[in-house]
Amino acid sequence: MPTADKQFGFWKSGEEMEAVLNSTTTCLLTPRHLSSTHSYLLPFNLSFRESRRKFSPKQASVLRVFASSQAAAPDSSATVAIPSQMKAWVYGDYGGVDVLKFDTSVSVPEVKEDQVLIKVAAAALNPVDAKRRQGKFKATDSPPPTVPGYDVAGVVVKVGSQVKELKEGDEVYGNINEKALEGLKQFGSFAEYTAVEEKLLALKPKNLDFFQAAGLPLAIETAYEGLERTGFSAGKSILVLGGAGGVGSLVIQLAKQVFGASRVATTASTGKLELVKSLGADLAIDYTKENFEDLGEQFDVIYDAVGQCDKAVKAVKEGGSVVALTGAVTPPGFRFVVTSNGEVLKKLNPYLESGKVNPLVDPKGPFPFSQVVEAFSYIETGRATGKVVIHPIP
């Protein structure tokens, strides 16, 4: 595997990368969701140097770093010194996973009046992250170099002058980009720190760990907004195409628990049929053995998360709706671009805290911060179950 030049903050070997992740001054913190007998050493890089440039597309070596506790995160009661630079994953050119670089000297983003600075505990990958890195949104994207990542969970360490509700020490989660395809932030969540508008965030559900919360924002906002746009309501039926995925798994749960669906059907592979039933599906269709459009049943709404709109329109009732997240759109199917909204997260928090709606994290994860390249490669297979999460950070 090609190696990158250390003079730009990249690392020629996994051993060097591991040394950077494990060296530096440490601060002893006790997460409040663990007992007082558990502590977590959180590394902070306190020796920094300026470095503003575009990066070459060579691949950096990575080495798995095992955390002692997946649940470990910054203590919301601790006072954390904010450095001028941070560790982050960066790409300076659009392309495949080989453009991703681990950099130790990325400037910590400045906080605007309506923003808070978050010490990132966990982040999550979405298909849109890969499409963005591939350059599919060049016209509306912020110019590289880019720190990727939409979903975040962490602790507020600084607040802007116009922030009204959040305060330092609050444990929060959210989707940092208000519009999924335009006006995207240069500094995403695959970093030690990220700056986010207060309106895009909500307090983290008390019963969830940071890595569970990080997997929710973009997916649950997409699931909820899609259902709202169809006018979905109690007593209606729905078919979810791709019920074991990040969005599909939440559509099943929201349709049942929040909107009061009378019947929820979904498609999944043979090995995931019991999983989607446990999420609330009344009918689980094995797409490797059956074609849902040939079963003869029709639905008020079809939520297509896999790109089969042409088939979905054959199974929707007259006057019904088909949401198409990907692939070609066949009328009456429609597509929308999700809007990040902290108020939606706040509205759904009670369902999360009561256990009526649950996050689904892919069993291959969480991936450590050193394995962001592997995480990207995995989500691009299209075979992830639930969400692909990065934790702990760094």
Side-chain angles (χ1 to χ4, degrees), residues 21 24-36 38-46 67-88 106 108-112 114-124 147 149-161 163-176 185 187-217 340 342 345-346 349 352-353 359 361 366 368-369 389-394:
L21 288 170
T24 69
T25 302
T26 59
C27 173
L28 184 61
L29 302 178
T30 305
R32 71 183 177 190
H33 61 276
L34 298 178
S35 69
S36 59
H38 291 79
S39 61
Y40 177 55
L41 285 172
L42 179 68
F44 294 91
N45 189 354
L46 299 181
S68 59
S69 171
Q70 289 185 345
D75 183 359
S76 58
S77 65
T79 300
V80 178
I82 302 171
S84 61
Q85 293 185 316
M86 63 182 179
K87 303 181 187 76
V106 176
V108 172
E110 295 184 0
V111 179
K112 298 178 182 178
D114 61 341
Q115 292 182 329
V116 302
L117 186 68
I118 297 174
K119 176 66 188 75
V120 181
V147 175
Y150 286 65
D151 287 329
V152 68
V155 176
V156 174
V157 293
K158 185 177 181 180
V159 298
S161 60
V163 171
K164 296 179 174 59
E165 296 181 8
L166 295 177
K167 61 185 183 302
E168 291 180 16
D170 281 344
E171 297 177 351
V172 296
Y173 75 126
N175 166 12
I176 73 169
K185 288 183 173 63
F187 296 96
S189 58
F190 286 14
E192 292 184 274
Y193 295 91
T194 192
V196 190
E197 289 79 7
E198 180 184 34
K199 67 181 181 180
L200 307 184
L201 299 169
L203 294 176
K204 178 180 71 66
K206 297 180 179 65
N207 61 316
L208 299 184
D209 290 327
F210 283 96
F211 77 88
Q212 295 172 308
L216 284 167
S340 177
L345 300 180
K346 293 175 185 176
N349 269 359
L352 293 162
E353 292 183 336
V361 177
F369 195 49
V389 176
I390 309 298
H391 175 80
I393 296 178

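Keep in mind the model is a prediction, meaning the values are calculated, not measured.
In this structure, Leu166 CG and Lys199 NZ are separated by 14.0 Å, a value rounded to the nearest 0.5 Å. Taking CD of Glu110 as the start and CG of Leu117 as the end, the distance is 11.0 Å to the nearest 0.5 Å. Atom-to-atom distance recorded for Asn349:CG and Lys204:NZ is 10.0 Å, nearest 0.5 angstrom. The distance from atom OG of Ser161 to atom NZ of Lys112, rounded to the nearest 0.5 Å, is 13.0 Å. Between the CG atom of Asp151 and the CD1 atom of Ile390 there is a distance of 11.0 Å, given to the nearest 0.5 Å. Considering CG of Leu216 and CG of Leu352, their distance stands at 5.5 Å, rounded to 0.5 Å.
The closest donor-acceptor contact from the side chain of Glu353 to the backbone of Lys206 lies under 3.5 Å. Here the side chain of Lys185 pairs a donor or acceptor atom with the backbone of Ile176 at under 3.5 angstrom. Looking at Glu192, its side chain does come within 3.5 Å of a backbone N or O of Lys87 through a donor-acceptor pair. Side chain of Ser84 to backbone of Val108: no donor-acceptor contact under 3.5 angstrom is found. Put simply, the side chain of Thr194 never gets that close to the backbone of Ile118: no donor and acceptor are under 3.5 Å apart.
Annotation for Phe369 and Pro394: closest pair CD2-CA, 3.6 Å, computed over non-hydrogen atoms. Looking at every heavy atom in both residues, Ala124 comes nearest to Gly215 through CB-CA, 3.8 Å. Taking each heavy atom of Gln212 and Asn207 in turn, the nearest pair found is OE1-O, 4.2 Å. The shortest heavy-atom contact between Val159 and Glu168 is CG1-N, 4.1 Å. Considering all non-hydrogen atoms of both residues, Ala195 and Pro109 come closest at N-CG, 3.9 Å. The shortest non-hydrogen separation linking Ala88 to Val147 is CB-CG2, 4.1 Å.
Proximity of Val111 to Tyr193: side-chain heavy atoms (C-beta onward) are nowhere separated by under 4.5 Å. In this structure, the side chains of Val106 and Met86 come closer than 4.5 Å at one or more pairs of heavy atoms. Within the 4.5 Å cutoff, side-chain heavy atoms of Pro205 are placed close to those of Tyr173.
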